[in-house]
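Scroll down for the structure; my scribbles are underneath it.
Along the sequence shown, the residues carry numbers beginning at 1. Just the heavy atoms: all of them, side chains too, but no hydrogens, waters or symmetry mates, feed the values below.
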Amino acid sequence: LKAGVEVQVRSSSVKPSQLHQLSELDGPSYAMKAGVATVLLLLAATECSGVKVLRRRDTPEEQRLDMEHRAEDSFGKTALTPACAKVECGDYSCPAPFELKKDATCCGYCWAPDHLVAADRHVVTAFNATGNVIEQCEEAPSTCKGPGANVVRCFRPSCRNGDVPNCSPGSCCPMCTTR
C-alpha cells in the first residue's frame, strides 16, 4: 500500500499500518471493519497500480459476432431484424371474387369467403365406387393380405398397347408386362 492512504473508521483516521491494532480495540465488529477496509484498500491499490484483474477479453471477431447475433440492445429494445425485412414480394393480383389480405403475413394472400367460393370438402368414397379395384394375385405373399386395415388394395393397371396385366412371383398386384 502507498504511504499516506487512510481509511475512515468510526470517525477516526487510521493508517494502513495501524489496521492490525484495530482488532484488539473494540472486539469483533472492529475486526470485521478492519478486514473489509483492508480488502478494499488492496483492491484499490491493485487497480491503481495497473495490475490486471482476471478479466476475459473478447477478440474483435467475437465482439463483432456478439453484436451481430444479439437479441436486444443495451436499452432492452429488440435488435433482431423483422421476419419479413428481407422478403421481396412480387407483383400479383387476385382473380375475382378473391381479394388480397395481409394480416400478419409478409406478402399477403388471396382470400374469399366460403359463400362465394366453395371449399373443397373431400369425402371418402365407398369401396370400389370407381370400379377400378381388382383382386390380388393368387400367389400373393401373406404380407399383402393384412392384418387388419393394412391390406394391400390393387387397382386395374392402365397398360400400353401390347402390354397385359400379369402377376409376377412375389407380387401383390398385377403389373403391366410385354407379352
Side-chain angles (χ1 to χ4, degrees), residues 36 39-40 42-44 46-179:
V36 170
V39 170
L40 290 175
L42 287 173
L43 285 174
T46 304
E47 276 298 316
C48 293
S49 67
V51 175
K52 287 187 178 178
V53 179
L54 296 177
R55 237 186 274 168
R56 182 177 175 268
R57 297 282 183 186
D58 290 338
T59 65
E61 177 67 12
E62 288 173 324
Q63 289 176 354
R64 185 186 65 75
L65 287 172
D66 283 347
M67 293 300 289
E68 191 175 311
H69 298 290
R70 65 185 180 168
E72 49 186 46
D73 63 14
S74 58
F75 299 104
K77 295 181 182 171
T78 184
L80 300 175
T81 306
C84 298
K86 295 182 181 179
V87 175
E88 294 179 16
C89 301
D91 293 332
Y92 58 94
S93 61
C94 298
F98 293 96
E99 57 186 49
L100 181 64
K101 280 202 163 194
K102 283 191 170 188
D103 37 319
T105 61
C106 295
C107 297
Y109 57 94
C110 295
W111 178 86
D114 283 346
H115 71 278
L116 293 179
V117 177
D120 180 17
R121 307 280 189 235
H122 180 75
V123 179
V124 176
T125 58
F127 177 75
N128 205 15
T130 61
N132 289 322
V133 175
I134 59 173
E135 294 294 323
Q136 292 180 355
C137 295
E138 287 183 24
E139 303 86 27
S142 62
T143 55
C144 300
K145 301 188 182 326
N150 297 326
V151 176
V152 174
R153 187 178 289 181
C154 298
F155 294 91
R156 183 180 334 278
S158 178
C159 299
R160 337 176 255 203
N161 288 337
D163 290 353
V164 292
N166 184 24
C167 286
S168 8
S171 299
C172 295
C173 304
M175 297 181 285
C176 296
T177 56
T178 309
R179 291 184 193 188

Given the options Pro174, Cys172, Cys173, Cys167 meets side-chain contact (heavy atoms from CB on, under 4.5 Å) only with Pro174

Report, as yes or no, whether the 6.0 Å neighbourhood of atom CD on Glu61 holds more than 12 heavy atoms from other residues, nucleotides or ligands.
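Enclosed: over 12 neighbouring heavy atoms sit under 6.0 Å from CD of Glu61.
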
Output yes when a side-chain donor or acceptor of Thr59 lies under 3.5 Å from a complementary backbone atom of Glu62, and no otherwise.
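Flag set: sc Thr59 to bb Glu62 pair under 3.5 Å.
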
Euclidean distance, [Y] [atom2] relative to [X] [atom1], rounded to 0.5 Å:
X: Cys110; Y: Leu100; atom1: SG; atom2: CG; answer: 6.0 Å
X: Asn166; Y: Cys137; atom1: CG; atom2: SG; answer: 8.0 Å
X: Asn128; Y: Phe155; atom1: CG; atom2: CZ; answer: 8.0 Å

Cys pair Cys106, Cys89: SG separation below 2.5 Å
no

State, to 0.1 Å, how close Cys176 and Asp163 come at their nearest heavy-atom pair, and which atoms those are.
CB-CB, 4.3 Å

Looking only at non-hydrogen atoms, find the nearest pair between Lys145 and Ala140 and report the distance.
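Heavy atoms only, the tightest pair is NZ-CB, 4.0 Å.
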
